[in-house]
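Structure first, then comments.
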Amino acid sequence: MSFKSLGLMTEILRAVSDKGYSEPTPIQKQAIPVVLEGRDLMGGAQTGTGKTAGFTLPLLQRLMETESRHASQNDKRSNNSRNKKQYSKRRPIRALVLTPTRELAAQVAESVDTYGKHLPLKSTVVYGGVSINPQKMKLIRGVDILVATPGRLLDHVSQRSADLSDIDILVLDEADRMLDMGFIRDIRKVLALLPKDKQTLLFSATFSDEIKKLSGELLKNPALIEVARRN
Ligand code: AMP
C-alpha cells in the first residue's frame, strides 16, 4: 500500500517522498483515511510507530480542503457589520495539537513544517520555560496550526495572543502522559474554549479509566485504532 492510495494530495505526497518514506506504517494506513473522512479518532500508539505523520498528514489536507471555504465566508461577511470584526481578524487558528512536554511539542511542530513545506499553511509552537514574547509575535502574525503545551497555551489565551474559537481540529497527543503530568485541569480549561463542533483525535499509549472517561466525553463516534509497540 502506498501513501498515494490513502488519498493524500500531491503536495503532501511530495513532502513524504522528500523525507524518504516509501510506505505508510500500520498506524498511518489506518489513521489517515479515517481523519480524511472527518471522523474522530482514538489512537492507541506509542512514539516510534509513525503516529505523528499519521495525524499530521491528514490534518494538513483537511485544512487545505477547508481553506477556500474560510476565505469565501470571510468575503461574504465583509459587508455585514456584525462580522466586520471577524473579517478584520487575523488568520484564525484552525488546528490545535496539545502535547505534554516541550520536547514533544517541538518535534510535532517540526513534523508539521516538514510535511507542510509545499503548502501555504502557517504554523507555530508554544511551550513554557522560555520567554513568551517571541511566541506572541508569531501568533499575532497569524497561524493556521498551533502546537502547544497546555499551561503556556492558557497564558497566551489570557494575554489574548491566542484565540481558540475557530478550531476545527483538535489533537491530544500522548494524552495519558498529559494526565500523568497533572494537566487535566488545564486541558479542561482549554476544551471549554473550543467550539463544540470540531474533529478530535486522541492518542494515548495506555487506556486508563481516566483516559476512557476523557475520550468518552470528548469523542463522537470515534474510530478506534490500536497498533502494537514496535519491536
Ligand atoms: P513517531 O512515532 O511519529 O514519533 O515517528 C517515529 C519515526 O518514524 C520518526 O523518525 C519518523 O520520521 C519516522 N517515520 C514516520 N513515518 C514513516 C514512514 N512511513 N516510513 C519511514 N519512517 C517513518
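Nothing fancy with the numbering, it's 1 onward along the sequence.
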Is there side-chain contact between Ile211 and Asp209, with heavy atoms separated by less than 4.5 Å? no
Please report the shortest heavy-atom distance between Pro58 and Ala53, naming the atom on each side. CD-O, 3.8 Å
Judged by atom type as modelled, is there a donor-acceptor pair below 3.5 Å linking the side chain of Thr124 to the main-chain atoms of Leu146? no
Using the rule side-chain contact (heavy atoms from CB on, under 4.5 Å), only one of Leu60, Leu59, Asp113 pairs with Leu121; which is it? Leu60
When you check the gap from the basic side-chain N to the acidic O, do Glu217 and Lys212 get nearer than 4.0 Å? no
Please confirm whether the backbone N or O of Ser208 pairs with a side-chain atom of Thr206, one donor and one acceptor, at under 3.5 Å? no
To the nearest 0.5 angstrom, please state how far the CD1 atom of Ile140 sits from the CZ atom of Arg91. 15.5 Å
Step by step, work out the side chain to side chain contact (heavy atoms under 4.5 Å, CB included) result for Leu170 and Gln199. CA-CA 6 Å; Leu170 167 69; Gln199 183 178 14; over 6 Å; no
Side-chain heavy atoms under 4.5 angstrom apart, residues restricted to Ile, Leu, Val, Met, Phe, Trp, Tyr: same cluster for Leu202 and Ile225? no
Hey, what do you get for NE2 (His156) to NZ (Lys138), rounding to the nearest 0.5 Å? 10.5 Å
Side chains of Gln107 and Thr47: is there a donor and an acceptor less than 3.5 Å apart? no
Taking only residues two or more places apart in sequence or in another chain, which ones pass salt bridge (Lys or Arg N to Asp or Glu O under 4.0 Å) with Glu23? Lys29
Report yes or no: does Ser158 contribute a side-chain atom to a donor-acceptor pair with the main-chain N or O of Leu154 at less than 3.5 Å? yes
Just wondering, do Gln135 and Val130 contact through their side chains at under 4.5 Å, heavy atoms? yes
May I ask you to decide if Arg62's main-chain N or O and Glu65's side chain share a donor-acceptor pair within less than 3.5 Å? no
Just wondering, do Ile145 and Ile169 contact through their side chains at under 4.5 Å, heavy atoms? no
Apply side chain to side chain contact (heavy atoms under 4.5 Å, CB included) to residues Arg177 and Thr101 and explain how you reach the verdict. CA-CA 9 Å; Arg177 271 177 84 198; Thr101 64; 3.5 Å; yes
Side-chain donor/acceptor of Asp176 to backbone N/O of Ala205, under 3.5 Å: yes
Can you confirm whether Gln159 is buried at CD, in the sense that more than 12 heavy atoms of other residues, nucleotides or ligands lie under 6.0 Å from that atom? yes
For the CG atom of Leu41 and the OG atom of Ser215, what is their distance to the nearest 0.5 Å? 11.0 Å
Quick one: do Lys117 and Asp18 make a salt bridge, cutoff under 4.0 Å? yes
Where the side chain of Thr56 meets the backbone of Thr52, is there a donor-acceptor pair that is under 3.5 Å apart? yes
Taking all heavy atoms of Gly128 and all of Arg152, pick out the closest pair and write down the distance. N-CB, 3.5 Å
Taking side chain as C-beta onward, heavy atoms only, is Asp166 less than 4.5 Å from Ile93? no
Please check this pair: side chain of Gln61 against backbone of Met9, looking for a donor-acceptor N/O pair closer than 3.5 Å. yes
Any side-chain heavy-atom pair of Tyr127 and Leu104 under 4.5 Å: no
Mind checking what makes salt bridge (Lys or Arg N to Asp or Glu O under 4.0 Å) contact with Lys189, not counting sequence neighbours? none
Membership question, hydrophobic clusters at under 4.5 Å side-chain separation (ILVMFWY): are Leu6 and Val35 in the same one? yes
If you measure only the distance, is there a donor-acceptor pair under 3.5 Å linking the side chains of Asn133 and Ser131? no
Once you round to the nearest 0.5 Å, how far does NZ of Lys51 lie from OG of Ser204? 9.5 Å
Quick one: are Leu218 and Leu191 in side-chain contact, heavy atoms under 4.5 Å? yes
Apply side chain to side chain contact (heavy atoms under 4.5 Å, CB included) to Leu214 and Ile184, showing your working. CA-CA 9 Å; Leu214 182 68; Ile184 189 65; 4.2 Å; yes
Evaluate whether atom NZ of Lys136 has more than 12 neighbouring non-hydrogen atoms of other residues, nucleotides or ligands under 6.0 angstrom away. yes
Which pair of heavy atoms, one from Ala148 and one from Leu153, lies closest together, and at what distance? CB-CB, 3.9 Å
Are Ile12 and Leu201 connected in a single hydrophobic cluster, I mean Ile/Leu/Val/Met/Phe/Trp/Tyr linked by side-chain heavy atoms less than 4.5 Å apart? yes
Main chain of Pro195, side chain of Lys198: is a donor-acceptor contact present, judged purely on distance under 3.5 Å? yes
The test is side chain to side chain contact (heavy atoms under 4.5 Å, CB included); show your working for Met42 and Phe207 and say whether it passes. CA-CA 10 Å; Met42 168 85 152; Phe207 292 103; 3.0 Å; yes
Side chains of Gln28 and Phe3 in contact at under 4.5 Å (non-hydrogen atoms): yes
Tell me whether Lys220 at atom NZ has more than 12 heavy atoms from other residues, nucleotides or ligands lying less than 6.0 Å away. yes
Are Leu193 and Met178 in one and the same hydrophobic cluster, where Ile, Leu, Val, Met, Phe, Trp and Tyr link if side-chain heavy atoms are under 4.5 Å apart? yes
Let me confirm one number: the CD1-CZ distance from Ile27 to Phe55, rounded to the nearest 0.5 Å. 10.0 Å
Within the side chain of Asp40, is there an N or O that forms a donor-acceptor pair under 3.5 Å with the backbone of Thr200? yes
Rounding to 0.5 Å, atoms CD (Glu110) and OH (Tyr115) come to a distance of 9.5 Å
Could you check whether Asp144 pairs with Arg94 (Lys NZ or Arg NE/NH1/NH2 to Asp/Glu carboxylate O, under 4.0 Å)? yes
Check Gly54 against Ala31 and note the closest heavy-atom contact, atom names and distance. O-CB, 4.0 Å
Taking Leu224 as the starting point, is it possible to reach Leu36 by hopping between hydrophobic residues whose side chains are less than 4.5 Å apart? no
Single hit among Leu172, Thr149, Val171 for side-chain contact (heavy atoms from CB on, under 4.5 Å) with Leu98: Leu172
Side chain to side chain, Arg39 and Pro222, heavy atoms closer than 4.5 Å: no
